A.B. asks: 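Before I ask anything, let me first share the structure, which is written out below as structure tokens.
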Amino acid sequence: PAEPTLVLRLKFLNDTERLARVRPGDTVGALKRTYFPGQEQQVRLIYQGQLLRDDAQSLAGLHLGHLSVLHCHLSPPSVAPTVPGTPGPRSPAPAALGVGSLALPLFVLLLALLWYLQLQHRHVFTATATTCLAGLTLLVTFVAFAMYRR
């Protein structure tokens, strides 16, 4: 007679689920090969808080019932270690410094220079120029706090 089939719920970390039709005589390894082809080494199955390490263990031995939940964790593929002197996988290029990331430090530097000049050469700066410099300093300060508060 044909072995009865079980339906298992494979639940992932992002709360998505997949249904798996298996036979009680199937092994944990067969389940991984069927539902995670090519990712058998990256998938971790957890049942009732226990990591299922033994791929040769049968599902019947785990006492799984109809619609039992197996939690699935897919880890990213591991990078093979490279031998010194052999070219390995290329590391991603560092992100280029954008003008936007340098704008605020440049404004702060410019304001510091203007305040230095204002203090050293007071006779060149009028009251209106000093007031504008103070207002601009406050504006840049608020922008800096708003940017770095996120």
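This one's a predicted model, so the numbers in the text were calculated from it and none came from an experiment.
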A.B. asks: Strictly by side-chain hydrogen bond (donor to acceptor under 3.5 Å, both in side chains), give each pair with a member in residues 124-133 just once, sequence neighbours left out.
C.D. replies: Q118-T130
A.B. asks: Under the salt bridge (Lys or Arg N to Asp or Glu O under 4.0 Å) definition, can you give me all pairs with a residue in residues 50-60, not counting sequence neighbours?
C.D. replies: K32-D55
A.B. asks: Suppose clustering is done on Ile, Leu, Val, Met, Phe, Trp and Tyr with side-chain heavy atoms closer than 4.5 Å. Which residues sit in the same group as L109?
C.D. replies: none
A.B. asks: If hydrophobic residues (ILVMFWY) are linked whenever their side-chain heavy atoms come closer than 4.5 Å, directly or via other members, who joins V28 in its cluster?
C.D. replies: L6, L8, L10, F12, V22, L31, Y35, F36, V43, L45, Y47, L52, L59, L62, L64, L70, L74
A.B. asks: Are there more than 12 heavy atoms of other residues, nucleotides or ligands under 6.0 Å from atom CZ of R21?
C.D. replies: no
A.B. asks: When rounded to the nearest 0.5 angstrom, what distance separates CZ in R33 from OG1 in T27?
C.D. replies: 5.5 Å
A.B. asks: Running the 4.5 Å side-chain criterion over Ile, Leu, Val, Met, Phe, Trp and Tyr, what cluster does L19 land in, apart from itself?
C.D. replies: V7, L67
A.B. asks: Would you please name every residue forming a salt bridge (Lys or Arg N to Asp or Glu O under 4.0 Å) with R9, sequence neighbours left out?
C.D. replies: E17
A.B. asks: Side-chain heavy atoms under 4.5 Å apart, restricted to Ile/Leu/Val/Met/Phe/Trp/Tyr: what other residues fall into the cluster of Y116, or is it alone?
C.D. replies: L113, L117, V124, F125
A.B. asks: N14: what forms a side-chain hydrogen bond (donor to acceptor under 3.5 Å, both in side chains) with it, not counting sequence neighbours?
C.D. replies: T16
A.B. asks: In a table with atom names and distances, give each donor-acceptor pair under 3.5 Å that connects a side chain of residues 133-141 to protein atoms at least two apart or in another chain.
C.D. replies:
from: T137; atom 1: OG1; to: W115; atom 2: NE1; distance (Å): 2.8
from: T137; atom 1: OG1; to: L133; atom 2: O; distance (Å): 2.7
from: T141; atom 1: OG1; to: T137; atom 2: O; distance (Å): 2.7

A.B. asks: Nearest 0.5 Å please: distance from the OG atom of S75 over to the CD atom of Q39.
C.D. replies: 9.0 Å
A.B. asks: Could you pull out all residues at least two apart from A112 that satisfy side chain to side chain contact (heavy atoms under 4.5 Å, CB included)?
C.D. replies: none
A.B. asks: Tell me if the CD atom of E40 is crowded by more than 12 foreign heavy atoms within 6.0 Å.
C.D. replies: yes
A.B. asks: Run the side chain to side chain contact (heavy atoms under 4.5 Å, CB included) test against A60 and tell me which residues pass, sequence neighbours left out.
C.D. replies: P24, S58
